[in-house]
Amino acid sequence: MFSRIHQKLGTAGFVIAIVALIVALGGAAYAALPGLNSKEKKEVKKIAKKFAKQGATGAPGAPGVMGPAGARGDSGAKGDTGAPGAPGETGPEGPSGPTTTKLAPGQTVKGLWQFQFDRRIGPLGPLTISYPLLVEPAPIEVYVPPHGSDPNCPGTVDDPQANRNYLCIYAKLANGTEPAPSELENKPWGWQGAWEIKSGEEVALARGSWAATEQCPLNEKLEEIPC
């Protein structure tokens with residue numbers, strides 16, 4: 001069969017025909033041609049390997065459509081706790097606090113006070129004021145009732161002030177008490193008085209503010225030297 005084809009087509013035409021046939025039918029076409037014996041099949045395979053060449057690479061195809069997003073995966077296991085960080089550096093030492101216990105000459109200290117007492121306990125109740133620093137000598141106390149005034153207490157209950165060597169006790173509220181404290185005790189570290197509850201009242205309630213100012217130094221004639 002191949003001899004007849006070879007004679008009609010010639011060697012070149014025969015090779016071209018065989019290669020075209022293999023390209024058209026696939027690499028295994030030589031095995032499916034009818035009437036070929038094993039020797040002829042080997043010859044066709046040999047010719048195909050000799051003349052068949054791989055074609056040029058084609059242009060890349062267009063990108064495909066993006067598929068839908070996949071389902072969210074499960075959360076991963078919690079990681080191990082990291083090692084503790086190194087301790088930070090120690091900061092500089094702060095300045096030392098004040099060590100004095102005495103108020104400076106001409107300096108003023110201020111505070112708040114409150115008095116509440118029940119007549120069933122007794123007719124008198126204590127009112128105590130403690131100074132944060134010593135006021136030496138002990139200042140002269142002055143009680144300023146609500147809406148009252150005094151020349152040695154130039155401030156107000158909301159802004160307490162005191163002249164030098166005076167303790168000014170300002171009242172914002174005074175219900176059920178006598179006009180002023182009695183049985184006074186005045187010391188460099190504080191002041192204490194006793195307030196009497198008015199007749200007919202069961203409970204007394206009072207509150208306010210205070211200010212104390214240190215006296216300036218005195219000269220030999222006991223005259224105050226300006227601070």
Next item on the list: Begin with the C-alpha distance, continue with both residues' side-chain angles, and end with the deciding distance and a verdict on side chain to side chain contact (heavy atoms under 4.5 Å, CB included) for Leu167 and Val142.
Entry: CA-CA 6 Å; Leu167 163 65; Val142 176; over 6 Å; no
Next item on the list: Output, in order, the C-alpha distance, side-chain angles, deciding distance and verdict of side chain to side chain contact (heavy atoms under 4.5 Å, CB included) for Val144 and Ile169.
Entry: CA-CA 6 Å; Val144 183; Ile169 304 172; over 6 Å; no
Check: Does the side chain to side chain contact (heavy atoms under 4.5 Å, CB included) test come out yes or no for Thr156 and Gln161, once each step is laid out?
Finding: CA-CA 7 Å; Thr156 65; Gln161 302 291 335; over 6 Å; no
Note to self: Test side chain to side chain contact (heavy atoms under 4.5 Å, CB included) on Thr213 and Gln107; report intermediate values, then the result.
What the structure shows: CA-CA 6 Å; Thr213 301; Gln107 185 178 354; over 6 Å; no
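Summarising the local packing, NZ of Lys110 is surrounded by more than 12 heavy atoms from other residues, nucleotides or ligands at distances under 6.0 Å. Around atom CZ of Arg207, no more than 12 heavy atoms belonging to other residues, nucleotides or ligands sit under 6.0 Å away.
Nearest approach of Trp191 to Leu127, heavy atoms of both residues: CZ3-O, 3.7 Å.
Applying the side chain to side chain donor-acceptor pair (under 3.5 Å) rule to Arg72 yields no partners; only residues at least two apart in sequence or on another chain are considered. Judged as a side-chain contact (heavy atoms from CB on, under 4.5 Å), and not counting sequence neighbours, the contacts of Ala138 are Asn186, Pro188.
Under the ring pair (Phe, Tyr, Trp, His ring centres under 6.0 Å) test applied with Trp210, the options Trp113, Tyr170, Tyr143, Tyr131 reduce to a single match, Tyr131. Here the rule is side chain to side chain contact (heavy atoms under 4.5 Å, CB included) with Arg164, and of Pro105, Cys216, Pro139 only Cys216 fits it.
Here the OG atom belonging to Ser209 is positioned 13.0 Å from the CD atom belonging to Gln114, to the nearest 0.5 angstrom. Going from atom CG of Leu205 over to atom OG1 of Thr177 covers 9.0 Å, rounded to the nearest 0.5 Å. Between Asn152 atom CG and Asn163 atom CG the span is 5.0 Å, to the nearest 0.5 Å.
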Identify each donor-acceptor pair in which a side-chain atom of residues 192-204 lies under 3.5 Å from a protein atom, sequence neighbours left out, and give them as a table.
| unit_1 | atom_1 | unit_2 | atom_2 | d |
| --- | --- | --- | --- | --- |
| Gln192 | NE2 | Thr128 | OG1 | 2.9 |
| Trp195 | NE1 | Glu178 | O | 3.2 |
| Trp195 | NE1 | Ala180 | O | 3.4 |

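Hydrophobic clustering of Ile, Leu, Val, Met, Phe, Trp and Tyr side chains at less than 4.5 Å, counting indirect connections, keeps Leu124 apart from Phe115. Clustering ILVMFWY residues whenever any of their side-chain heavy atoms sit less than 4.5 angstrom apart, transitively, puts Leu184 in the very cluster that holds Val135. No chain of hydrophobic side-chain contacts below 4.5 Å, direct or via other Ile, Leu, Val, Met, Phe, Trp or Tyr residues, connects Leu103 to Ile140.
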